[in-house]
2 protein chains.
Amino acid sequence: MSLRHGLLDLLAGEPMSGYDLSRFFSVSMGNVWPAQHSQIYPELAKLTAEGLIAQTGEGPRGRKVYQTTEAGLAALRSWLRDSPPDYSIRQEAQLRVFCLWVLPPDEALAYLARDRAEYVRHLDLITATIAAVDWGENQVRRSSRLSIEFGRRFYTELIGWIDWAAEQIAAGALQPGGPVPGLTAGARLG
Amino acid sequence: MSLRHGLLDLLAGEPMSGYDLSRFFSVSMGNVWPAQHSQIYPELAKLTAEGLIAQTGEGPRGRKVYQTTEAGLAALRSWLRDSPPDYSIRQEAQLRVFCLWVLPPDEALAYLARDRAEYVRHLDLITATIAAVDWGENQVRRSSRLSIEFGRRFYTELIGWIDWAAEQIAAGALQPGGPVPGLTAGARLG
DNA sequence: TTCTAACATGTAGCTCTTGACATGTCAACG
DNA sequence: CGTTGACATGTCAAGAGCTACATGTTAGAA
């Protein structure tokens, strides 16, 4: 039930088409809740049927523009207020890291280097977006600025962690008899 | 296809039952890849049928203990080596934050305070685990120490971000005409 | 001895999500 | 005028994942 609320939020901010939504997702909410167009279009149909959004315009090539209704906004508020947040996180890339010990250390290091490059790309994209967008334009933008700041910090931290982990592995932390990670030089971190 | 590899990894480290796995998940891999027992048991059956794990023991109350086979370990390595990582992240709690602008500022602040408490609880649990476990015992443990360190940093950062966001909202960042988040006092942050 | 809580394994039905398929429009370029 | 690429909307089948249901065991406390 998360996708629908993401859509309600975006369409409450400004009218958009399914196509707009699926592209916009990839640079905003998509960072914490990915969605393909094949999921978005049927959801828009359902939301329309339930009266939570309404088609308020059309454009060339069959383009349909939707907007959140009062009922939709109420549903969004009630979701935030009345349903308990799901604090779980799903992140395959970090699951893989758990398994790195099955690779020889040099391969594990190469693996982390690839991850790092990916995260740097991501961070660069975020930094560019922060610089490019006028975040004062409306409430959704202001709210998004708070969220994207978390993205910036998250990827910065992730890169920092990889550098630390790579150091540990290079020092033999994954090999039996090597130094225990987090206990480098006999002193416990943090 | 991620759960099966998580299981292969854990069962390569030490023999465990489905019950052990479902509990262990909640304090290790479950932090990045949650799984219920209702998903684990059928997956164990499939993995057994495919020869990637094998039942190597039994215990009271119908307890079945499994272990990853050579074929399973090979499958795990090949997953790490040959399949492209999925770098996407799913995190409902942060999706909700995108929507906070639909609530009045005081309610948004209360909302973040609840999130913060949850994350502090989580961080405390991680800190306690780091202190309690002997991370040098085997390779899986050493590898896990790297992963849990990321968890520690992640939740620390998350709490720091909430404090920043709350400050912004308190200063009126979500209200039209208020200060634009990230541009506090006219100076752009980091 | 009886009760309770933790141990232990499973199944069934439903929703969510993905990847592939499918179709058509329009603008710009050569 | 034909081609290409972006725009634009959809469907469908298969698999992943969640909630609830279902069953039985064992240790320890009262």
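Residue numbering restarts at 1 for every chain, and letters A, B, ... go by the order of the sequence lines.
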Handout entry: Within 45° cone of B/Trp101 ring axis and under 6.0 Å: A/Arg141 NZ or CZ
Key = no

Handout entry: Side chain of A/Tyr19 - closest among C/dT9, C/dA8, D/dT9
Key = D/dT9

Problem - For atom NZ of A/Lys64 and atom P of C/dG24, their distance in whole Å - result: 16 Å

Practice task
May I ask you to evaluate whether B/Arg63 reaches the phosphate of C/dA8, defined as a side-chain N or O under 4.0 Å from OP1 or OP2?
Solution key: yes

Practice task
Classify the ring geometry between A/His37 and A/Tyr41 as parallel (under 30°), tilted (30 to 60°) or perpendicular (over 60°).
Solution key: perpendicular

Completion exercise
Atom CD of B/Glu58 and atom P of D/dT25 are separated, to the nearest Å, by 15 Å

Practice task
Calculate the interatomic distance between B/Ile40 atom CD1 and D/dC18 atom P; express it in whole Å.
Solution key: 10 Å

Exercise for the section: Would you mind reading off the distance between A/Arg61 atom CZ and C/dA28 atom C1', rounded to a whole angstrom? Expected result: 11 Å

Problem - Heavy-atom check, side chain of B/Tyr66 versus side chain of B/Met16, under 4.5 Å - result: no

Fill in the blank from the handout: Letter by letter from the 5' end, nucleotides 11-22 of chain C scores (B base, S sugar-phosphate only, - none; protein heavy atoms under 4.0 Å) B----SSBBB--

Exercise for the section: Determine: side-chain N/O of B/Arg23 to OP1/OP2 of C/dC7, distance under 4.0 Å, yes or no. Expected result: yes

Exercise for the section: Would you kindly give the CG-to-P distance between B/Asp20 and C/dA6, to the nearest whole Å? Expected result: 16 Å

Problem - Close side-chain approach of A/Asp163 to A/Arg116, heavy-atom, < 4.5 Å - result: yes

Practice task
Determine the interplanar angle of the A/Tyr155 and A/Tyr119 rings, folded into 0 to 90°, and report it as parallel if under 30°, tilted if 30 to 60°, perpendicular if over 60°.
Solution key: tilted

Handout entry: Ring-face cation of B/Arg142 near B/Trp135 (centre distance under 6.0 Å, axis angle within 45°)
Key = no

Exercise for the section: Could you tell me the separation between the OH atom of B/Tyr66 and the C1' atom of C/dG10, rounded to a whole number of Å? Expected result: 10 Å

